[in-house]
Amino acid sequence: VNISDDNSMVTAQLPTGETIEILLHGATILSWKDAAGDEKLWLSENAKLDGSGPARGGIPLVFPVFGTNSGHAVEKLPQHGFARNSRWEFLGKSTSEGATAGVKLDFGLSSQNLDEATRKLWPYAFGLIYSVTLDRESLNTTLVITNDGEVPFEFQTLLHTYFKVNDIESVQVTGLEDSPYVDKLDGLKVKNQSGTVTFTGETDRVYTPAKGPSHPIVISDGGKPRFRIVRDNLDDAVVFNPWVDKANSLADFTPKDGWRKMVCVEPGSVSKWQTLEKGDAFEAAQTIYLE
Ligand code: TA6
């Protein structure tokens with residue numbers, strides 16, 4: 001396995017050719033390619049890669065709040081929290097469980113690493129260890145959150161994955177049948193998903209899949225299954241596509257018709273607050289299998 005770290009980005013390549021690129025700003029996975037060099041993630045052409053803001057696309061890491069939330073200890077934090085907009089440390093390669101030919105890279109962020117201003121906005125002592133495991137046919141991202149302080153804190157967390165697709169109008173998402181969802185575009189009304197999810201306009205929904213985290217969510221494109229996602233300890237999954245107007249409103253979303261080429265399915269624990277007692281840890285993961 002080839003690993004390089006130029007102090008801005010860590011890249012890894014398996015002997016069989018698969019690669020990943022992780023931006024140390026936000027520990028955001030920017031690219032995941034299969035052995036043939038086919039890119040699996042969508043990244044905006046003008047995504048911020050210089051640390052001046054969260055990168056648009058790839059797999060941004062949302063912690064300690066999803067969205068914004070007034071009237072809560074997180075209320076002073078920017079949208080989706082600080083993890084995706086902070087400088088993480090590359091902790092190195094760790095042997096991934098089992099003798100897979102893959103590679104597991106670890107990244108860390110703690111309250112000590114945070115700049116003073118951010119620490120003031122959410123004054124809790126915490127530690128994050130983010131592990132990225134690349135195998136021939138899958139990518140796993142695992143987050144371990146520890147409460148290193150003396151008082152409990154509440155948090156939400158989510159893996160904001162931007163999947164690359166050929167044509168959103170042919171995308172189908174299954175595995176969410178009979179599941180409740182909050183429709184963020186319709187007054188946060190709670191609705192029920194009867195069949196397959198398809199896309200005909202801006203879509204922004206927080207699902208709590210009825211069959212639980214181990215039941216796969218499958219993204220198909222042009223009638224072919226592309227990605228199979230299983231979750232661990234993440235009870236929710238956000239399904240998002242900005243469509244024309246929202247894409248136009250996001251300065252760092254290019255090309256402007258890029259919404260046709262992406263879909264977000266975002267494993268998370270966001271429909272309620274998790275409370276982490278002092279000294280406790282919370283572990284959560286997504287595994288994305290290539291179909
Ligand atoms: O995950 C969906 C969402 O919450 C949408 O509402 C949209 O805001 C998206 O995240 C992107 O948020 P961002 O802060 O990255 O522009």
Side-chain angles (χ1 to χ4, degrees), residues 23 25-30 41-70 72 74-86 118 121 141 143 155-165 168 171 173 176 179 181-191 193 197 199 201-209 217 219 227 229 231 234-256 258-259 261-273 284 286 288:
L23 190 69
H25 188 75
T28 306
I29 302 173
L30 300 177
L41 302 176
W42 183 88
L43 185 68
S44 171
E45 286 173 358
N46 71 330
K48 296 185 178 93
L49 305 182
D50 60 358
S52 63
R56 169 75 57 198
I59 308 182
L61 219 165
V62 171
F63 176 85
V65 58
F66 176 65
T68 55
N69 204 302
S70 58
H72 188 279
V74 297
E75 64 183 359
K76 297 193 185 83
L77 293 180
Q79 168 142 299
H80 295 335
F82 49 72
R84 66 173 182 167
N85 203 20
S86 297
T118 306
L121 300 178
T141 63
L143 181 65
F155 70 92
Q156 299 167 329
T157 191
L158 172 133
L159 299 160
H160 201 297
T161 313
Y162 285 74
F163 292 92
K164 187 168 181 289
V165 296
I168 187 64
V171 165
V173 179
L176 299 172
S179 302
Y181 66 90
V182 171
D183 188 339
K184 287 177 65 180
L185 302 176
D186 187 7
L188 300 181
K189 272 190 207 128
V190 178
K191 301 176 179 177
Q193 179 67 34
V197 179
F199 300 83
E202 184 179 351
T203 306
D204 197 348
R205 303 173 185 172
V206 182
Y207 284 88
T208 303
I217 297 172
I219 301 171
F227 305 100
I229 307 150
R231 293 161 286 132
L234 293 171
D235 290 343
D236 307 311
V238 173
V239 175
F240 167 63
N241 184 284
W243 220 255
V244 186
D245 297 341
K246 178 108 184 192
N248 283 332
S249 77
L250 297 169
D252 61 348
F253 192 106
T254 54
K256 281 305 166 197
W259 55 272
K261 297 285 187 185
M262 50 74 59
V263 66
C264 282
V265 174
E266 314 160 18
S269 178
V270 297
S271 55
K272 59 185 188 306
W273 291 98
Q286 70 177 335
I288 307 164

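Both ligands and their constituent atoms are indexed starting at 1 by order of listing. Numbering starts at 1 and runs along the sequence shown.
- The heavy atom nearest to atom 16 (O) of ligand 1, out of those in H160, E266, R56, E202, is found in R56.
- With rounding to the nearest 0.5 Å, the separation of OG1 in T68 from CG in L77 is 10.0 Å.
- In terms of N/O distances under 3.5 Å, ligand 1 is approached by D204.
- Those atoms of ligand 1 that come under 4.0 Å of a heavy atom in K246, given as number and element, are 7 (C), 8 (O).
- Atom NZ of K76 has 12 or fewer heavy atoms from other residues, nucleotides or ligands within 6.0 Å.
- No hydrogens or angles considered: nothing links the side chains of D252 and S44 as a donor-acceptor pair under 3.5 Å.
- Of the protein's non-hydrogen atoms, the one nearest atom 4 (O) of ligand 1 is K184 NZ, 3.1 Å.
- Residue V238 approaches ligand 1 through these ligand atoms, each under 4.0 Å from one of its heavy atoms: 1 (O).
- Below 4.0 Å from some heavy atom of F66 lie the following atoms of ligand 1, by number and element: 1 (O), 4 (O).
- Remark: of the listed residues Y162, W259, W42, W42 is the sole one forming a ring pair (Phe, Tyr, Trp, His ring centres under 6.0 Å) with F253.
- Every atom of ligand 1 is numbered from 1 in the order shown, and the set under 4.0 Å from a heavy atom of Q79 is 8 (O), 12 (O), 13 (P), 14 (O).
- There is a side-chain donor-acceptor pair under 3.5 Å between Q286 and T141.
- Interatomic distance, K256 NZ to E45 CD, rounded to the nearest 0.5 Å: 10.5 Å.
- Residue contacts with ligand 1 for R84 involve side-chain atoms from C-beta outward but no N, CA, C or O (heavy atoms, distance under 4.0 Å).
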